[in-house]
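Everything on this sheet refers to the single structure shown next.
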Amino acid sequence: MQPKRIAILGSTGSIGRQTLDVVRQHPDRFQVEVITAGSNAALLAEQARAFDVPHAVICNTTKYDQVRDILAGTRTEVHAGIDAACDLVTGENVDIVVASMVGFSGLRPTLAAIRAGKDIALANKETLVAAGSIVMAEAQRCGVKILPVDSEHSAIFQCLQAAGGNPVARIHLTASGGPFRTWPREQIEKAGKDQALRHPNWNMGAKITIDSATMMNKGFEVIEAKWLFDVEPERIHVVVHPESVIHSMVEFADGAVLAQLGCPDMREPIQLALSYPERLSLNNRKLDFSTLGALTFFEPDLEKFPCLKLAFEAIGRGGNLPCALNAANEAAVAAYLEDKIGFYDIAAVAADTIACTEFVAEPSLDDIFATNEEAFARARKQIW
Ligand code: MG
């Protein structure tokens, strides 16, 4: 069997690194053709060398010389800038693109890959939050598969394999609840980034870990599920499940509920997205039911986690509002990570941005880019 040829958008991030770990476990099955990174020149070069990657793109053009110098004498061609990334993912030598850039920046290269007919292993949920209707329509038009990497959506995707064409009654989207699940609001209010970055179960990048602490991540995942599985938000139920053993569930008309379980390890959904429908062996921890103990479930607290409430409101109104919410959140989370604002200011900035956004019911791609830019600028102005 020919190895599957992979492009990784965002190879130095958490998902990118774990994707390479899956590749490392199955070198006969996967071949990395393109890797791209924002500005981590040293790690990008190290990855290119370790996996003998033909093309490496550093999006921050000022780091180009650094990458080129480290890779001198290797077969890796070094490129710079986001346009090079958009171009290389469309190449003949690529079968599947792992979309694991952080935030809105993933939209352009992901769309370019879809339009070139490449299957997408989608980790970058912001792409669907900001432009779900456009991305899904393009995927359908170009006949490409969007394979979810997000653990919850991978779980739903797997449960749906047993649906036999029956409609979904409800999706139960599980949430760990993040590091502040049991904290009182007054204490959360004063929490700094060091506390917010301490996720109890999942090993993830900084941006998504903050989104998990605010539960904005879960709101985004509701939007992501709506687009991936064509299920109305009213049918998507968020349930807090602190053990993160059940990765999500699907309920049918007769009340039967299918769940997908596993240890919290992103390499599992990454592997399935890369090799689907085949399952490959993985050197990870397996569930041990003899020591697992109780699995618990709670309703989310929307007063303590207003970002989740904001996300539900944005989905309910639809149009360009989820895009504006995402942009405001990106600006606010960046500021929070720089200790510029407090934890609950993230929700406040997002709420204000949404309220000021001019509503577009059926946004074009140009509208989406304009909304993103305006909302990001507005949020930043409010912060600085
Ligand atoms: Mg998730």
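Ligands are counted one by one from 1 in listed order, and the atoms in each one are counted from 1 as well.
Counting only protein atoms, the N, O or S atoms lying less than 2.8 Å from the Mg ion (ligand 1) are Asp150 OD1, Glu152 OE1, Glu221 OE2, ordered by chain and residue number.
Arg285 CZ: 12 or fewer foreign heavy atoms inside a 6.0 Å radius.
For the pair Arg185 and Tyr344, the distance from NZ or CZ to the six-membered ring centre is under 6.0 Å and the angle to the ring normal is within 45 degrees.
Note on ring orientation: taking the six-membered ring where Trp is involved, the planes of Phe180 and Phe343 are perpendicular (angle over 60°, cut-offs 30° and 60°).
Phe104 has its ring centre less than 6.0 Å from the ring centre of Phe369.
Side-chain contact of Asp366 with Ser364: a donor-acceptor pair under 3.5 Å is absent, judged by distance alone.
Using a 4.0 Å cut-off between charged nitrogen and carboxylate oxygen, Asp352 and Arg378 do not count as a salt-bridge pair.
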